[in-house]
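For ligands, and for the atoms within them, numbers begin at 1 and follow the listed sequence. Here the structure is a predicted model, which means the values were calculated and not measured.
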Amino acid sequence: MRITVIGTGYLGVTHAACMAELGFEVMGLDVDVEKVAALADGRVPFYEPGLQELMREQIAAGRLSFTSDYAELAAWAGDGAVHFVSVGTPQKKGEYAADMTYVDAAFDSIARAIAHQGRSLVVGKSTVPVGTAARIADRLAELAPNAEVAWNPEFLREGYAVQDTLHPDRLVIGVRSEQAEADLRHLYAQLLAEKVPLVVTDFSTAELVKVSANSFLAVKISFINAMAEVCEAAGADVMQLSQALSYDPRIGGRFLVPGLGFGGGCLPKDIRAFMARAGELGVDQALAFLKEVDAINMRRRARTVDLAREQCDGSLLGKRVAVWGAAFKPESDDIRDSPALNVAASIHLQGAQVTVYDPKATDNARKMFPTLSYADTAMEAAEQADVILHLTEWKEFRELDPAVVGGQVRSTRIIDGRNALDAAAWRAAGWTYRALGRP
Ligand SMILES: NC(=O)C1=CN([C@@H]2O[C@H](COP(=O)(O)OP(=O)(O)OC[C@H]3O[C@@H](n4cnc5c(N)ncnc54)[C@H](O)[C@@H]3O)[C@@H](O)[C@H]2O)C=CC1
Ligand SMILES: O=C(O)[C@H]1O[C@H](OP(=O)(O)OP(=O)(O)OC[C@H]2O[C@@H](n3ccc(=O)[nH]c3=O)[C@H](O)[C@@H]2O)[C@H](O)[C@@H](O)[C@@H]1O
């Protein structure tokens with residue numbers, strides 16, 4: 001059984017390399033020919049720990065290859081193949097709904113390419129509005145009658161993508177036949193042998209598990225950030241509050257870290273697309289709370305800008321602001337809906353000179369925000385700064401000596417947007433340390 005992965009972005013290339021690691025022959029396809037050339041050459045065009053090494057091993061072992069040609073892919077895969085589709089589902093411009101253009105185009109292209117082949121399984125991995133799999137199954141029935149559709153949502157986190165794919169918390173498959181279930185059980189046999197829980201369900205439930213999981217994670221983060229707002233008003237400490245909550249195993253401490261809030265290519269757009277889809281289904285009230293989750297999250301960005309202005313004596317005009325972090329989270333160079341860059345750009349718009357440093361995401365940030373200044377090190381960014389904003393919690397920022405950084409800046413003022421620095425150490429070195437939701 002050969003495997004193909006259509007759409008080799010953050011998700012697809014990880015899935016392709018990990019399926020090869022599980023022993024299958026895999027071919028990845030992308031319409032971006034430059035990306036395909038880089039991948040074929042063993043270069044992952046983004047930063048994901050461990051992925052490039054794994055991909056090179058699998059290419060060298062002859063189990064992993066790439067193309068941009070659907071006909072070549074179909075001919076290589078042959079009858080009985082499993083084709084995964086992992087193209088993007090970004091938010092539509094000016095709307096909450098997901099843009100399904102890429103998913104529809106990818107399914108149409110693979111369906112046409114395999115139209116005259118024997119049986120195959122086409123498995124959606126992209127995060128989609130509920131109802132998509134059924135709609136696509138109808139379309140495939142017309143274009144490629146021997147092909148069957150299944151849905152297998154993905155739960156990996158960027159920064160831990162390889163580990164999460166090879167050791168997932170659970171597998172969820174939406175299927176309409178025993179054969180489809182058997183194919184997917186065969187593919188994931190090694191993980192199932194390691195007792196990874198498997199949920200076999202219908203299309204709609206599989207699609208909904210994915211968006212409800214991301215919604216729940218967003219709820220946890222916005223809950224603690226709402227508490228940060230209250231703590232700030234009441235003079236309480238949200239970090240201690242979060243710690244105390246986390247000891248209750250019913251609540252748990254994960255995704256309860258207060259700060260600048262969630263960003264990235266998934267959580268923000270997924271909760272919005274979920275709300276849009278609920279509206280279409282006539283149950284928008286059921287998800288009305290997600291609007292508040294989104295609003296709390298966006299307020300964190302505005303509050304961080306306000307705090308920076310307060311620290312700069314009421315005006316950012318002409319001030320020098322150092323921003324540590326550009327990626328939406330550490331261990332990633334992904335800047336999609338990055339809270340750090342959103343704050344940096346707002347501060348720049350208020351007349352400050354903003355210098356950004358990120359260990360991995362500077363090149364991506366420079367392309368998207370060319371009017372900001374960029375530094376090669378955290379210390380360089382801090383030069384003559386009136387205030388430092390710590391907005392993505394890379395380990396290297398925690399390892400900096402506050403006394404040494406103090407020799408670099410104009411004013412020893414730091415805002416910890418991620419509640420990740422050692423507040424006592426910075427204060428002991430003479431800094432004014434501020435964080436959202438803490439005295
Ligand atoms: N990034 C992540 O950590 C996770 C992403 N997801 C979901 O997976 C999907 C993909 O996300 P990412 O990998 O982050 O997106 P991405 O934007 O990094 O990758 C998508 C890829 O699809 C390619 N593509 C677009 N149209 C195509 C077509 N017609 N045929 C072949 N390739 C095509 C693009 O060139 C791009 O390389 C989204 O639905 C996302 O919500 C789910 C779990 C984790
Ligand atoms: O659907 C997806 O693509 C993925 O979305 C998230 O993964 P990811 O976006 O890689 O990153 P997370 O680790 O979830 O972090 C998301 C954002 O929340 C923020 N966050 C996270 C945790 C926390 O306690 N507080 C907090 O503000 C992070 O800084 C980051 O900006 C989910 O965690 C994955 O399970 C899911 O597969």
Side-chain angles (χ1 to χ4, degrees), residues 4-16 28-36 38-39 45-46 48 67-70 73 83-91 98-110 113 124-129 132 152-161 164-165 168-170 210-211 213-218 220-225 228 242 246 252-271 273 297 300 325 327-332 334-340 342 391-393 417-420 436:
T4 80
V5 179
I6 295 159
T8 50
Y10 284 91
L11 166 56
V13 72
T14 307
H15 191 66
L29 177 145
D30 205 287
V31 287
D32 181 337
V33 287
E34 275 178 32
K35 195 176 273 189
V36 169
L39 291 169
F46 53 86
E48 181 60 47
T67 182
S68 52
D69 181 347
Y70 274 96
L73 179 103
H83 305 280
F84 285 99
V85 176
S86 50
V87 299
T89 47
Q91 187 177 341
D99 181 351
M100 298 303 288
T101 319
Y102 308 101
V103 167
D104 290 344
F107 272 99
D108 265 28
S109 300
I110 186 64
K125 279 204 89 62
S126 303
T127 303
V128 292
T132 301
N152 171 215
E154 176 58 55
F155 302 95
L156 70 80
R157 299 160 297 167
E158 287 177 23
Y160 302 88
D164 284 354
T165 306
D169 293 328
R170 78 295 216 182
K210 173 64 202 175
V211 283
N214 275 3
S215 299
F216 194 83
L217 295 171
K220 278 195 93 173
I221 298 168
S222 278
F223 173 83
I224 201 63
N225 284 332
S242 169
S246 75
R254 295 178 73 187
F255 275 71
L256 216 56
V257 181
L260 187 48
F262 58 82
C266 291
L267 258 48
K269 63 106 171 143
D270 284 352
I271 62 168
N297 192 51
R300 295 292 75 193
F328 84 103
K329 64 186 257 188
E331 298 305 324
S332 173
D334 194 346
I335 57 158
R336 290 179 288 184
D337 200 359
S338 163
N342 188 283
L391 302 183
T392 312
E393 67 278 32
R418 292 294 177 185
N419 279 303
L436 302 176

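Ligand 2 has a nitrogen or oxygen under 3.5 angstrom from a nitrogen or oxygen of Gly263. When only interatomic distances are considered, the shortest N/O to N/O separation between Thr127 and ligand 1 falls below 3.5 Å. Taking only nitrogen or oxygen atoms, main chain and side chain alike, Asn214 reaches within less than 3.5 Å of ligand 2. The shortest N or O to N or O distance between Asp270 and ligand 1 is not under 3.5 Å. Considering both main-chain and side-chain atoms, Arg157 never comes within under 3.5 Å of ligand 1 through any nitrogen or oxygen pair. Annotation: Leu267 places no N or O atom under 3.5 Å from an N or O atom of ligand 2; distance criterion only. Residue Lys210 has no nitrogen or oxygen atom sitting less than 3.5 Å from a nitrogen or oxygen atom of ligand 1, judged on distance alone. Considering backbone and side-chain N/O of Lys125, none are found under 3.5 Å from N/O of ligand 1. Polar contact with ligand 2: absent for Glu393 (N/O pair, distance under 3.5 Å). Taking any N or O of Leu29, backbone or side chain, none lies under 3.5 Å from an N or O belonging to ligand 1. Annotation: Arg157 places no N or O atom under 3.5 Å from an N or O atom of ligand 2; distance criterion only. Here's the thing with Thr8: none of its N/O atoms is less than 3.5 angstrom from an N/O atom of ligand 1.
Judged purely by distance below 3.5 Å, without hydrogens or angles, the side chains of Asp99 and Thr101 pair a donor atom with an acceptor atom. No side-chain donor-acceptor contact under 3.5 Å links Thr127 and Lys269.
Residue-level proximity to ligand 2 for Leu11 is absent, since no heavy atom of it falls below 4.0 angstrom. Contact annotation for Cys266 and ligand 1: only side-chain heavy atoms (C-beta onward) come within less than 4.0 Å of the ligand. By the criterion of a heavy-atom distance under 4.0 Å, neither the backbone nor the side chain of Thr392 is placed next to ligand 2. The proximity of Arg254 to ligand 2, defined as any non-hydrogen pair under 4.0 Å, does not occur for either the backbone or the side chain. Only the backbone of Glu154 comes within contact range of ligand 2, with a heavy atom under 4.0 Å; no side-chain atom does. Looking at Leu256 against ligand 2, only its backbone comes within 4.0 Å, counting heavy atoms.
With hydrogens left out, the protein atom closest to atom 17 (O) of ligand 1 is Arg336 NH1, 3.8 Å, a heavy atom. Annotation: atom 20 (N) of ligand 2 to nearest protein heavy atom, Ile221 CD1, 3.5 Å. Atom 38 (C) of ligand 1 has its closest protein heavy atom at Thr89 OG1, 3.4 Å.
Relative to atom 36 (C) of ligand 1, the option among Leu39, Leu156, Leu11, Asp30 with the closest non-hydrogen atom is Asp30. Here atom 1 (N) of ligand 1 lies nearest to Glu158 when heavy atoms of Glu154, Glu158, His15, Met100 are compared. Of the candidates Val33, Asn214, Val87, the one placing a heavy atom closest to atom 24 (N) of ligand 1 is Val87.
Close approach of ligand 2 to Cys266 is summarised as follows: ligand atoms under 4.0 Å from at least one heavy atom of the residue are 1 (O), 2 (C), 3 (O), 5 (O). Against a heavy-atom cut-off of under 4.0 Å, Arg418 is close to the following atoms of ligand 2: 27 (O), 29 (O). Close approach of ligand 1 to Ala106 (heavy-atom distance below 4.0 Å) involves ligand atoms 29 (N). In the vicinity of Ser86, heavy-atom distances shorter than 4.0 Å reach the ligand 1 atoms 10 (C). Atoms of ligand 2 found under 4.0 Å from any heavy atom of Leu217 (numbered from 1 in listed order, with element): 32 (C), 33 (O). The atoms of ligand 2 that sit less than 4.0 Å from any heavy atom of Glu158 are 10 (O). Near Lys35, meaning under 4.0 Å from any of its heavy atoms, are these atoms of ligand 1: 36 (C), 37 (O).
Heavy atoms of Ser109 come nearer than 4.0 angstrom to ligand 1 in no pair at all. Taking a 4.0 Å cut-off on heavy atoms, Tyr70 registers as neighbouring ligand 1.
Between His83 atom NE2 and Phe107 atom CZ the span is 11.0 Å, to the nearest 0.5 Å.
Legend: residues meeting salt bridge (charged side-chain N to carboxylate O under 4.0 Å, His left out) with Lys125, ordered by chain and number and at least two apart, are Glu154.
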